[in-house]
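In what follows, residues are counted from 1 in the order of the sequence shown. Predicted model, so just to flag it, every value in this text is computed and none were measured.
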Amino acid sequence: DVQLVESGGGSVQTGESLTLSCQISGYTYGNKCLAWFRQPPGKEREGVAYIDNTGGTVYNDFVEGRFTISKGSAKNTLYLQMSALKPEDTAMYYCAASDTGFLGILFRFLVPAYQYWGQGTQVTVS
C-alpha cells in the first residue's frame with residue numbers, strides 16, 4: 001500500500017520558517033509528480049507547490065518565492081521549505097502523489113489529479 005506521512009508542522013511567529021517533510025512508502029516516486037496542498041480553516045484545499053518527474057517545479061501565486069519544494073536525497077522523501085511565513089499561511093498541509101510523471105498546467109493543483117494523500121500536518125502562524 002502507498003503511504004504518505006507528513007511531519008514538521010508547528011506553531012511559529014510571522015516571518016519565521018518551517019520545513020515540512022513527507023515520507024512516502026510503497027510508491028516509486030522518482031518518475032512521478034508530487035505536490036503540496038493546504039487547507040486553511042473553513043476553506044477548500046488548494047495547491048501550494050508541484051514537482052514533476054524531471055524536477056520541474058510550479059508554485060501557486062501566493063507563495064511569492066517564499067517556499068521551495070524538493071525531493072530529498074534520502075529516498076522517497078518530499079520537502080517543503082517555507083520562509084517568511086504569514087498568518088494567512090495557517091492551514092493543514094498535505095502532500096500528494098500522482099500516478100503520472102507530468103501534469104498539465106490545468107491539472108497540477110487539482111485535488112482529483114492526485115491518487116495518494118497524507119493525513120496532513122498543521123502549520124499555525126501568529
Side-chain angles (χ1 to χ4, degrees):
D1 290 349
V2 178
Q3 290 190 329
L4 287 70
V5 180
E6 301 95 336
S7 61
S11 296
V12 297
Q13 299 294 313
T14 299
E16 292 186 342
S17 301
L18 276 176
T19 296
L20 306 183
S21 301
C22 177
Q23 184 66 44
I24 305 171
S25 59
Y27 176 85
T28 303
Y29 88 154
N31 60 347
K32 302 289 177 34
C33 54
L34 305 165
W36 285 97
F37 283 73
R38 71 184 188 184
Q39 189 162 11
K43 297 185 179 180
E44 294 187 352
R45 195 169 297 191
E46 60 186 0
V48 177
Y50 158 95
I51 185 167
D52 66 26
N53 59 344
T54 70
T57 59
V58 177
Y59 298 91
N60 205 322
D61 289 345
F62 58 74
V63 170
E64 298 175 323
R66 300 178 297 127
F67 299 174
T68 301
I69 186 171
S70 62
K71 294 178 180 179
S73 55
K75 289 185 177 181
N76 281 17
T77 305
L78 181 70
Y79 297 103
L80 184 68
Q81 297 173 277
M82 304 186 294
S83 62
L85 284 162
K86 307 174 183 180
E88 50 265 45
D89 294 318
T90 294
M92 185 71 78
Y93 283 72
Y94 299 89
C95 68
S98 174
D99 278 332
T100 184
F102 177 84
L103 287 171
I105 190 170
L106 295 179
F107 300 95
R108 290 167 187 163
F109 293 144
L110 284 185
V111 170
Y114 296 85
Q115 289 72 45
Y116 310 104
W117 292 83
Q119 83 290 347
T121 185
Q122 178 68 37
V123 173
T124 302
V125 186
S126 59

Main-chain N/O of V125 paired with T90 side-chain donor or acceptor, under 3.5 Å: yes

Which atom of V123 lies closest to which atom of M82, heavy atoms considered: CG2-CE, 3.9 Å

Spacing of Y114 atom OH and L4 atom CG [to the nearest 0.5 Å]: 12.0 Å

Evaluation steps, side chain to side chain contact (heavy atoms under 4.5 Å, CB included), between Y79 and T68: CA-CA 8 Å; Y79 297 103; T68 301; over 6 Å; no

Audit row: R66, D89, side chain to side chain contact (heavy atoms under 4.5 Å, CB included) steps and yes/no: CA-CA 11 Å; R66 300 178 297 127; D89 294 318; 2.7 Å; yes

Shortest non-hydrogen separation from A84 to S17 and the atoms involved: N-OG, 4.3 Å

Donor-acceptor contact present, side-chain T14 to main-chain S126, <3.5 Å: yes

Euclidean distance, F62 CZ relative to F67 CZ, rounded to 0.5 Å: 7.0 Å

Path from V63 to L110 over hydrophobic side-chain contacts below 4.5 Å: no

Closest heavy-atom pair and its distance - K86, E64: NZ-OE1, 2.8 Å

Ionic contact status for D52 with R108, cut-off 4.0 Å: no

Minimum heavy-atom distance S70-Q81, with the two atoms named: OG-OE1, 4.5 Å

L20 CG to S7 OG distance, which is reported to the nearest 0.5 Å: 8.0 Å

In one Ile/Leu/Val/Met/Phe/Trp/Tyr side-chain cluster, 4.5 Å: F107, V58: yes

I51 CD1 to L78 CG distance, which is reported to the nearest 0.5 Å: 7.0 Å

Qualifying residue for ring pair (Phe, Tyr, Trp, His ring centres under 6.0 Å) with F37, from W117, Y94, Y93: W117

Nearest atoms (heavy-atom pairs only) where A49 meets L80: CB-CD1, 4.2 Å

Y116 with V111, same ILVMFWY side-chain cluster at under 4.5 Å: no

Interatomic spacing from NZ in K32 to OG1 in T100 - rounded to 0.5 Å: 8.5 Å

Atom CD of E88: over 12 foreign heavy atoms under 6.0 Å: yes

Side-chain donor/acceptor of E6 to backbone N/O of Q119, under 3.5 Å: yes

Same cluster (ILVMFWY, side-chain, under 4.5 Å), I24 and V5: no

From R38 atom CZ to M92 atom CE, the distance as rounded to the nearest 0.5 Å: 13.5 Å

Atom OH of Y27: over 12 foreign heavy atoms under 6.0 Å: yes

Short side-chain to backbone donor-acceptor contact, N60 and G47, under 3.5 Å: yes

Heavy-atom check, side chain of I69 versus side chain of Y59, under 4.5 Å: yes

D99 to Q115 - nearest heavy-atom pair and separation: N-OE1, 2.7 Å

